[in-house]
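Position 1 is the first residue of the sequence; numbering continues from there.
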Amino acid sequence: MSIKEYEGEFTPTATHDEPEPAACAYTYEEWKAEIFKLYPGSESRDRYTQNNLEKLIANFLSKGTPLRALFSQYHHKFQKIVKWLADNDKMEQSSEKEKFQHGIPSTLWVRIAQRLEILYLLHHPNDLYEVEEMFNAGDWYLKGNTTAMASVLPTGCQGEILPALSPQPVTVPAKTTDTSGSDSGYVKREELSQIISDSLAQALERLTKPS
């Protein structure tokens with residue numbers, strides 16, 4: 001038997017009509033809308049509100065001078081909420097800079113303003129700085145200040161602005177020579193190191209001592 005004869009022998013001669021697939025009652029978007037109705041508040045248009053933004057600002061404002069990581073976290077969350085509100089016509093883009101500045105503690109804002117004045121000499125004082133400009137200035141200050149102090153200060157002092165200390169003079173006895181010819185009052189290198197070490201310890205104690 002040839003191949004063609006073999007194929008023809010087992011090829012079905014009778015066919016039957018396949019049933020048509022049932023028409024879908026909903027489109028995907030209609031189905032998704034029905035699901036959202038079962039869970040009020042889950043719609044994408046209700047993901048963030050102005051109240052979320054105000055709580056974020058108030059919470060960060062209450063922190064005092066933050067560590068660098070906390071300031072970066074505030075910036076990230078702020079941008080995320082503001083972008084969503086602006087994209088959904090729930091916030092004016094022009095108010096973004098004012099709100100971001102409002103959330104920065106005054107002790108940190110003083111440092112940020114000083115940095116911005118150096119970087120942007122032609123900036124008009126009545127104009128607000130861009131959010132990224134404010135963040136970069138704050139990040140620069142915290143990078144060189146707060147994070148370094150946090151590694152040496154005891155628990156509870158991290159993130160706080162400490163009062164400036166006036167330099168304390170180190171009294172070194174003058175070199176004198178007695179009648180016997182020996183040096184009296186001469187400070188050796190080891191003694192001078194101890195004097196400096198004691199002075200630094202006293203300065204650190206004044207920094208950490210509660211006012």
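Under the 4.5 Å side-chain heavy-atom criterion for Ile, Leu, Val, Met, Phe, Trp and Tyr, Leu119 and Ile112 are members of the same hydrophobic cluster.
If you take NZ on Lys90 and CD on Gln50, they are separated by 9.0 Å, rounding to the nearest 0.5 Å. Atom CZ of residue Phe71 and atom CD1 of residue Ile104 lie 4.5 Å apart, to the nearest 0.5 angstrom. Here the straight-line distance linking atom CG of Leu85 with atom OG1 of Thr49 works out to 7.5 Å at 0.5 Å rounding. With rounding to the nearest 0.5 Å, the separation of CZ in Arg115 from CH2 in Trp140 is 4.5 Å. Atom-to-atom distance recorded for Ser72:OG and Leu67:CG is 12.0 Å, nearest 0.5 angstrom. Distance check, rounded to the nearest 0.5 Å: CZ of Arg111 to OG1 of Thr65 gives 8.5 Å.
Evaluation of the side chain to side chain contact (heavy atoms under 4.5 Å, CB included) rule for Lys55 yields Asn51 as partners, not counting sequence neighbours. Every residue was checked against the ring pair (Phe, Tyr, Trp, His ring centres under 6.0 Å) condition with His102, not counting sequence neighbours, and none meets it. Scored by the side-chain hydrogen bond (donor to acceptor under 3.5 Å, both in side chains) test, Glu133 finds no partners at all (sequence neighbours excluded). For Lys83, the salt bridge (charged side-chain N to carboxylate O under 4.0 Å, His left out) test picks out Asp87, with sequence neighbours left out. Not counting sequence neighbours, Asn59 has no partner by the side-chain hydrogen bond (donor to acceptor under 3.5 Å, both in side chains) test. Shown here are the side chain to side chain contact (heavy atoms under 4.5 Å, CB included) partners of Glu92, two or more places apart in sequence or in another chain: Ser94, Ser95. Judged as a side-chain hydrogen bond (donor to acceptor under 3.5 Å, both in side chains), and not counting sequence neighbours, the contacts of Gln79 are Glu132. The salt bridge (charged side-chain N to carboxylate O under 4.0 Å, His left out) search around Glu130 returns Lys97, not counting sequence neighbours. Evaluation of the side-chain hydrogen bond (donor to acceptor under 3.5 Å, both in side chains) rule for Glu54 yields Lys99 as partners, not counting sequence neighbours. Under the side chain to side chain contact (heavy atoms under 4.5 Å, CB included) criterion, Asn126 pairs with His124, not counting sequence neighbours. Scored by the salt bridge (charged side-chain N to carboxylate O under 4.0 Å, His left out) test, Asp89 finds no partners at all (sequence neighbours excluded).
The heavy-atom pair separating Leu128 from Gln101 by the smallest distance is CD2-OE1, 3.5 Å. Residue Tyr48 comes nearest to Lys80 through the heavy atom pair OH-CE, 3.1 Å, listed as atom of the first residue, atom of the second, then distance. Pairing each heavy atom of Phe78 with each of Ile57, the nearest pair is CE1-CD1, 4.3 Å. Of all the heavy atoms in Pro66 and Leu108, the pair that sits closest is CD-CD2, 3.8 Å. The two atoms that bring Phe100 and Met134 nearest to each other are CD2-CE, 3.8 Å, heavy atoms only. For Val131 against His75, the heavy-atom pair with the smallest separation is CG1-CD2, 4.0 Å.
Contact check for Trp109 versus Leu116: side-chain heavy atoms found under the 4.5 Å cut-off.
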TODO: Apply side-chain contact (heavy atoms from CB on, under 4.5 Å) to Ile81 and Trp84, showing your working.
DONE: CA-CA 5 Å; Ile81 295 176; Trp84 189 91; 6.0 Å; no
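Within a 6.0 Å radius of NE2 in His123, other residues, nucleotides and ligands contribute more than 12 heavy atoms.
Between Phe135 and Tyr74, the distance separating the two ring centers is not shorter than 6.0 angstrom.
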